[in-house]
Amino acid sequence: MLRVIATIFVIIIQQLVNANNYYNNATLQKYGKNVCTIEEVFYDGNNDLPTMYREHGLTLDNRQKQTCGHITLSRNECCEGFKQLKGLPGCTIVKSPNNMLETIKLLGANEFARYAMQCGLFDILEIGGPYTLFVPTDEAFAKMDKSLKLALVSRKLTTSELIKYHVVPYRLITHNMTSNTLLETLNDGLHLRFNKHFNQVETINCVKLIRKNRIAKNGVVHLINTVLNPHIYSNRNLVQIINQNTELTIFSKMIETSRMHQSLKETFQTYTVLAPIDNVLRKLPNNQLSRILDDEKLSKEFILKHLLPTTICLSAITEGQIIKTLGDDHSIKFNCDALNSATTQGYCIKSDLKLTFNGILYAVNFDLSNYNEGKTVLQIMNDMGLTEFLQIVNIAGLAQTFDTKNMLTVFAPSNQAIKRQYLRLQCVQNTFGVEGQLLNLQHKVGFNGIVHLTNQVLMPSTISVHDIISKNNSFSIFMRAVNLLDILPATSPEFCGNHNTYFIPTNNAFKKLGIDRLIWIFNNPLYMRTILHNHQVERVLSTKLLKKHWQYEIQTKNKTIILSHRGNKLMVNNVEVIEADLMTTNGIVHVVDDLILPQY
Ligand SMILES: *[C@@H]1O[C@H](CO)[C@@H](O)[C@H](O)[C@H]1NC(C)=O
Ligand SMILES: *[C@@H]1O[C@H](CO)[C@@H](O)[C@H](O)[C@H]1NC(C)=O
Ligand SMILES: *[C@@H]1O[C@H](CO)[C@@H](O)[C@H](O)[C@H]1NC(C)=O
Ligand SMILES: *[C@@H]1O[C@H](CO)[C@@H](O)[C@H](O)[C@H]1NC(C)=O
């Protein structure tokens with residue numbers, strides 16, 4: 001009989017070994033068969049004693065030597081169920097299995113054994129079965145949660161109920177289980193949630209399994225580092241649990257407004273919800289909060305930013321991790337602080353988690369000041385520190401305009417931009433500009449519009465192309481030509497500018513032709529018109545929108561010209577632009593010191 005049992009165990013253990021991916025040729029050669037790696041994490045202030053163990057199925061080479069910044073040592077020992085035959089590599093002797101009580105004691109978990117025996121669970125440990133036990137270490141009992149202790153003292157929870165919550169009435173080996181499995185315990189059908197995390201950490205109710213799969217005659221034992229609290233699990237769904245939490249009344253209202261009840265009640269998807277508590281949400285400016293609470297779309301966006309499509313157990317975080325939320329383009333960074341707490345964005349997540357039927361709930365105290373949902377453009381400009389522009393807005397009596405529900409797009413200049421000096425949109429390929437200034441499209445979306453930050457002040461121009469030419473003696477010859485032909489057009493503002501670009505030649509440029517040629521041109525208006533048309537483009541071309549290493553083919557009113565850079569100089573064909581980007585009411589002016597002559 002005993003031999004039959006022993007043979008069965010050889011088969012089971014052999015299956016485990018085969019199932020494990022880490023057991024590769026290299027480790028086989030180095031350590032021999034059935035060697036397991038135990039990682040011990042040493043936390044500060046704890047002289048020499050490791051306070052966390054993490055077991056890997058089999059030997060891993062080159063594992064990280066730090067866990068959340070704490071020194072992590074690895075050592076190898078025989079995997080559970082095996083021992084070494086003297087003189088041979090690896091662990092090749094299969095031990096005869098113990099009963100669960102003996103297995104627990106071998107793991108050093110005497111408190112659990114004591115409690116279990118005290119409340120008459122002798123048959124579970126010694127003769128009954130098969131069972132799976134999640135056994136807390138003695139240290140775990142010593143640092144048991146206050147609320148749990150209180151429940152025991154006040155007899156809201158009996159020791160028997162507590163112990164039974166650690167017992168599942170069938171045999172469970174972690175290799176067999178998939179993440180998010182709910183396991184029914186002996187405590188009145190209350191469940192445990194099993195999870196596997198990407199870093200191979202496995203948890204039960206978000207408590208780390210530190211030694212796994214100790215196979216006993218009458219069951220399986222897993223060692224854990226925290227006493228499991230039956231009160232953190234509920235068979236209800238996330239919405240029900242949020243609704244009954246007195247610290248989450250505002251978040252609960254948002255769920256209602258956003259009409260997301262249904263998806264948060266789903267049974268086929270597991271979420272992690274990081275729900276900001278009322279105290280934090282109340283710190284949002286009052287009108288911002290009420291706008292969110294009044295608006296289905298805004299509430300939904302807000303909720304989605306606090307919803308993770310996976311199960312995140314804080315205890316399983318071993319290094320900084322960025323996790324995408326269900327919000328658009330939004331993620332949350334988790335850092336690890338200490339053994340059982342994690343932070344996101346520098347704020348501690350209280351580990352008072354609730355495990356529900358369809359996910360995990362954390363009540364959090366995030367800082368939400370960078371949340372733009374429901375803010376007006378005025379508030380956003382305030383947050384962005386655009387004090388100079390806001391002053392102008394106030395002086396101009398426009399604060400009301402920016403603080404209403406109207407949709408606006410604001411090209412807000414930065415403070416530095418205003419302190420130096422200078423609203424039309426331009427585009428060259430997919431580069432955009434306003435008033436000749438490159439537009440930084442990293443925008444912030446507010447409730448009533450969009451704020452784009454530009455690095456220059458945008459002032460409506462007050463002078464026209466005509467003003468520039470007529471008021472500067474350097475352009476007198478060009479002016480005479482323009483008057484002769486009457487060619488400066490009136491234009492209307494349109495998207496991407498039906499305004500013009502003028503390459504205006506200086507007198508010097510004309511004089512380079514020689515006096516005879518100049519007189520000839522002035523006597524041939526048709527040719528003069530061609531020249532002038534060659535200096536005019538029927539769109540606004542700001543040099544700030546041109547990329548240095550590209551060449552741009554531009555259609556003038558006559559021929560095609562090429563705009564390019566030669567070093568820092570802008571060239572039109574072979575002609576240098578000596579002054580660029582003079583913005584006017586009806587176009588942009590670049591000054592050239594040579595004529596751009598039509599080439600036939
Ligand atoms: C590694 O394992 C494979 C199959 O398990 C075997 O064919 C191969 O010979 C092994 N290589 C070494 C170096 O042991
Ligand atoms: C566990 O895995 C083994 C081997 O893969 C399989 O034979 C057994 O049926 C599995 N048990 C459960 C409960 O899934
Ligand atoms: C006239 O134009 C020339 C050439 O662009 C420029 O250097 C000069 O500063 C201008 N003069 C005035 C008074 O604007
Ligand atoms: C450019 O000017 C020449 C000479 O006046 C004329 O023949 C030609 O049609 C013009 N081309 C365009 C595209 O206007």
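These numbers come from a predicted model, not from an experiment. For ligands, and for the atoms within them, numbers begin at 1 and follow the listed sequence.
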(request) Using atom types as modelled and distance alone, determine if a side-chain donor or acceptor of N195 lies under 3.5 Å from a backbone N or O of T203. (result) no

(request) Could you tell me whether a side-chain N or O of Q555 sits under 3.5 Å from a main-chain N or O of N558, the two making a donor and an acceptor? (result) yes

(request) Around atom 12 (C) of ligand 3, find the nearest protein heavy atom and jot down its residue, atom name and distance. (result) N472 ND2, 3.3 Å

(request) Among all protein heavy atoms, pick out the one at the shortest distance from atom 6 (C) of ligand 3; state its residue, atom name and that distance to 0.1 Å. (result) E579 OE1, 3.6 Å

(request) Find all atoms of ligand 3 within a distance of less than 4.0 Å from any non-hydrogen atom belonging to V591, and give their numbers and elements. (result) 5 (O)

(message) So if I count the atoms of ligand 3 from 1 in the order they appear, which ones are less than 4.0 Å from some heavy atom of F475?
(response) 2 (O), 5 (O)

(message) Checking contacts now, so for atom 2 (O) of ligand 3, which I'm interested in, is there any protein heavy atom under 4.0 Å?
(response) yes

(message) Under the rule for side chain to side chain contact (heavy atoms under 4.5 Å, CB included), what residues qualify as partners of I554, not counting sequence neighbours?
(response) V537, R539, L541, Y552, I561, L563

(request) Inspect the contact between K297 and E301 and indicate whether a charged nitrogen and a carboxylate oxygen are less than 4.0 angstrom apart. (result) yes

(message) Angle between ring planes, F522 versus F510, binned at 30° and 60°: parallel, tilted or perpendicular?
(response) tilted

